[in-house]
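Chain letters run A, B, ... following the sequence lines, proteins first, then strands; residues in each count from 1. Because the structure is a prediction, the values reported are computed rather than measured.
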Number of protein chains: 4
Amino acid sequence: MLTERRRRGPQRSETSRQAIIAAASTLFQKHGYDHLTIEAIAAEAHVGKQTIYRWWPSKAAIIAECLSEGLLLPDWFVPENTGDVRADLRTWLRNIVLFLSASGNETLLRSLVIAGAENADVAQVLNERLGVWQVIADRVGDDTIEVGEALVGAIVIRSLRGGTLDEKFADRLLDAIAL
Amino acid sequence: MLTERRRRGPQRSETSRQAIIAAASTLFQKHGYDHLTIEAIAAEAHVGKQTIYRWWPSKAAIIAECLSEGLLLPDWFVPENTGDVRADLRTWLRNIVLFLSASGNETLLRSLVIAGAENADVAQVLNERLGVWQVIADRVGDDTIEVGEALVGAIVIRSLRGGTLDEKFADRLLDAIAL
Amino acid sequence: MLTERRRRGPQRSETSRQAIIAAASTLFQKHGYDHLTIEAIAAEAHVGKQTIYRWWPSKAAIIAECLSEGLLLPDWFVPENTGDVRADLRTWLRNIVLFLSASGNETLLRSLVIAGAENADVAQVLNERLGVWQVIADRVGDDTIEVGEALVGAIVIRSLRGGTLDEKFADRLLDAIAL
Amino acid sequence: MLTERRRRGPQRSETSRQAIIAAASTLFQKHGYDHLTIEAIAAEAHVGKQTIYRWWPSKAAIIAECLSEGLLLPDWFVPENTGDVRADLRTWLRNIVLFLSASGNETLLRSLVIAGAENADVAQVLNERLGVWQVIADRVGDDTIEVGEALVGAIVIRSLRGGTLDEKFADRLLDAIAL
DNA sequence: AAATAAACGAGACGGTACGTCAGGTCTTAGA
DNA sequence: TCTAAGACCTGACGTACCGTCTCGTTTATTT
């Protein structure tokens, strides 16, 4: 039987890895995606720059990993299933606007949009992470993935336009979507 | 009677102003918002850097002005009014996806999203420029501005997710929105 | 008889000219020759930059004019003539070291050296202004212009080397020169 | 026992250091102290600007180091000692005026004067480098440092005044100084 | 146990772009 | 037609980060 022969020498330091993504998350939330620098992450994590470049090809990849590890977005961004689709979506939308209207989180949304628009990998992870599309499609029926895109998209546009994100918005948005 | 006294000395050079926004537009479309540098704009426009810094506070402001002057987006991004609201919106959506699926224009969309997300002024101008919200609201009735946000938002999300932007998408999206 | 007809239009403003050389003198003494800028002179004199460039080819020329007008150096830098050459030179040297050891005047000397070394016109005016060479040569006899150069040069070198400029130095210097 | 522990990480690049002072020396002699720019040095030395700013606080400091390394002035600017003080000084003076009357070297002298007058560190190095003061004082006797200052100063003044620097000047200067 | 080799923290390196300052020229309105 | 004001292009300033590379140290796996 083939036993996977490990290399000689030290292995990747899990401590450093976690320090890096923690530092990246902190700085991302504090200063946004632009203004986030590798040097600052290295300094914040008490880590050499090379340790970052050795394992990640770009700052986008670091942010993607932060997302995968759940350090930037809460886990609960998926609708419940009580049987009443409309009510479930309403609750989900209200949770989201509640989260986004909290201090600092609107900046977070903008930064995530930037990160996703600049880098396809981040977009991919965001897609999976936020991945409500399929859930919604499953509930609403015949693969109307556009419903999910319209809901999430409306939130993004509203936020970028500087509009208020509140429950009234959530309700009116849901009314605008045919189910 | 108050006669507005003009200040002494030379006035702002309109030639330089136009050279700058033209150069900025060119480079924006060629390389995207990130990778767009003030130095490159100055060089392309055969202009001193200081002439840019004298009149614009940031590259975002330059892009905002490019948008205002119609250098980055075509003017016709507003629905017609034939009386048949659904048909008008369908035509409008098809035009948009047609435009975005043309070579290079998806990159343009991403860059505009980044610029708008990074800078509130750009977002404001994009809002006015793309400003279909009110038009749609007027047509569809009782100020459902969320309809416009959902339509535009869905396009953005679809694009960022890397999905195909075609007529089928446009039609299915319209079906998903209650009118 | 033909009276020299003056040109039509305004003549050179004597007010501006004096404001400019006064401002230049002030700034020269305050900040030195390097660190002296045309823009600062124009601002200090409440004068347009062009008014300076119209009449002087360089900042060195302005300083040369300041020297000619006696704004930077006192007039009395010429030995008396009591008949006792040695005593007269001693008094002259002592006056100079007294002047130079006063606060700020050592900086003045350095700045003048810089200005003279950078620009031949300034050197020329300094030569005339400080022009003790011929006076000394006349007194000491058979055109020993090198005596003057050695005396002034020793002062400059002593100052640049950061040495003390006092009466003892003056006396010892005079002793070192054969008369 | 104390073993001097070297710090971790890369050491200063001696190659870069020498390239920088060589470039600085070249440009100094070609264009003078004013007109010498850090950017030009960096470009000439094929070095990043930051590498210069990391190790030198100013261009004056670079020139000071060039002097210390013997890149700007020949080493032989010190009188011999044959026993005949007057003859030795005469030879020394003649060598100096010979050197200075060579093409370009008068400009070099002026630039060095400017550099020394603008910056105390350069003056200090020049003082040590040119340091004939003590040598002369030792020879001539009872610490008459002023003799050296007068000799060197006379040369400087003669040069700045635009006078000719030749053997006749050297001889007459020596005659003017009491030994 | 010794030798080997990769990962580590630190940080110097050649670069690019930043935003500012001053240079010297040119343009405008007012005196 | 000269002045004050100031916009123009140019180019150097000193700083921040980039991504690469080079140290001396630490650590884990062979020999």
side-chain hydrogen bond (donor to acceptor under 3.5 Å, both in side chains) pairs, two or more places apart, involving residues 12-24 of chain A
A:Ser13-A:Ser16, A:Glu14-A:Arg17, A:Glu14-A:Gln18, A:Arg17-A:Glu65, A:Arg17-A:Glu69

Verify the contact: side-chain N or O of D:Thr51 to OP1 or OP2 of E:dG14, cut-off strictly under 4.0 Å; return yes or no.
yes

Between B:Gly9 and B:Arg12, name the one whose nearest nucleotide on DNA chain F is closer to the 5' end.
B:Gly9

Tell me, for nucleotides 15-21 of chain E in 5' to 3' order, what letter each nucleotide earns: B for a base near a protein heavy atom under 4.0 Å, S for only sugar-phosphate near one, - for neither?
B-SBBBB

Quick note, B:Arg8 side chain, CB onward, closest among E:dA7, F:dC23, F:dT3 is F:dT3

Has B:Trp55 got a side-chain N or O lying under 4.0 Å from the OP1 or OP2 atom of F:dG6?
no

Got a donor-acceptor contact below 3.5 angstrom from the D:Glu44 side chain to the D:Ala42 backbone?
no

Determine which pairs satisfy side-chain hydrogen bond (donor to acceptor under 3.5 Å, both in side chains) with at least one residue from residues 105-124 of chain C, sequence neighbours left out, and list them in order.
C:Glu106-C:Ser159, C:Gln124-C:Glu128

Could you go through the side-chain contact (heavy atoms from CB on, under 4.5 Å) check for D:Leu108 and D:Phe28 one step at a time?
CA-CA 8 Å; D:Leu108 174 62; D:Phe28 181 91; 3.5 Å; yes

Return the value, rounded to whole Å, for the distance between atom NE2 of A:His31 and atom C1' of F:dA16.
14 Å

Does the side-chain contact (heavy atoms from CB on, under 4.5 Å) test come out yes or no for C:Tyr53 and C:Ile38, once each step is laid out?
CA-CA 9 Å; C:Tyr53 282 110; C:Ile38 302 277; 3.7 Å; yes

In this structure, how many angstroms lie between the P atom of F:dC2 and the CD1 atom of C:Ile52, rounded?
17 Å

With heavy atoms under 4.0 Å as the rule, sort C:Trp56 into base, sugar-phosphate or nothing.
nothing

Using a strict heavy-atom distance below 4.0 Å, which residues from residues 13-29 of chain C are in contact with DNA chain E?
none

D:Arg54 has a side chain; which of E:dC8, E:dA5, E:dC13 sits nearest to it?
E:dC13

Within this structure, what is the CD-to-P distance between A:Gln11 and E:dT4, rounded to whole angstrom?
19 Å

If you apply the rule side-chain contact (heavy atoms from CB on, under 4.5 Å), what do you find for A:Trp56 with A:Ile21, and how did you get there?
CA-CA 11 Å; A:Trp56 290 275; A:Ile21 60 174; 4.0 Å; yes

Taking only residues two or more places apart in sequence or in another chain, which ones pass side-chain hydrogen bond (donor to acceptor under 3.5 Å, both in side chains) with C:Lys49?
C:Glu39

Donor-acceptor check, side chain of C:Lys59 to backbone of C:Asp34, threshold 3.5 angstrom: yes or no?
no

What pairs with A:Arg129 under salt bridge (Lys or Arg N to Asp or Glu O under 4.0 Å), at least two apart in sequence or on another chain?
A:Asp75

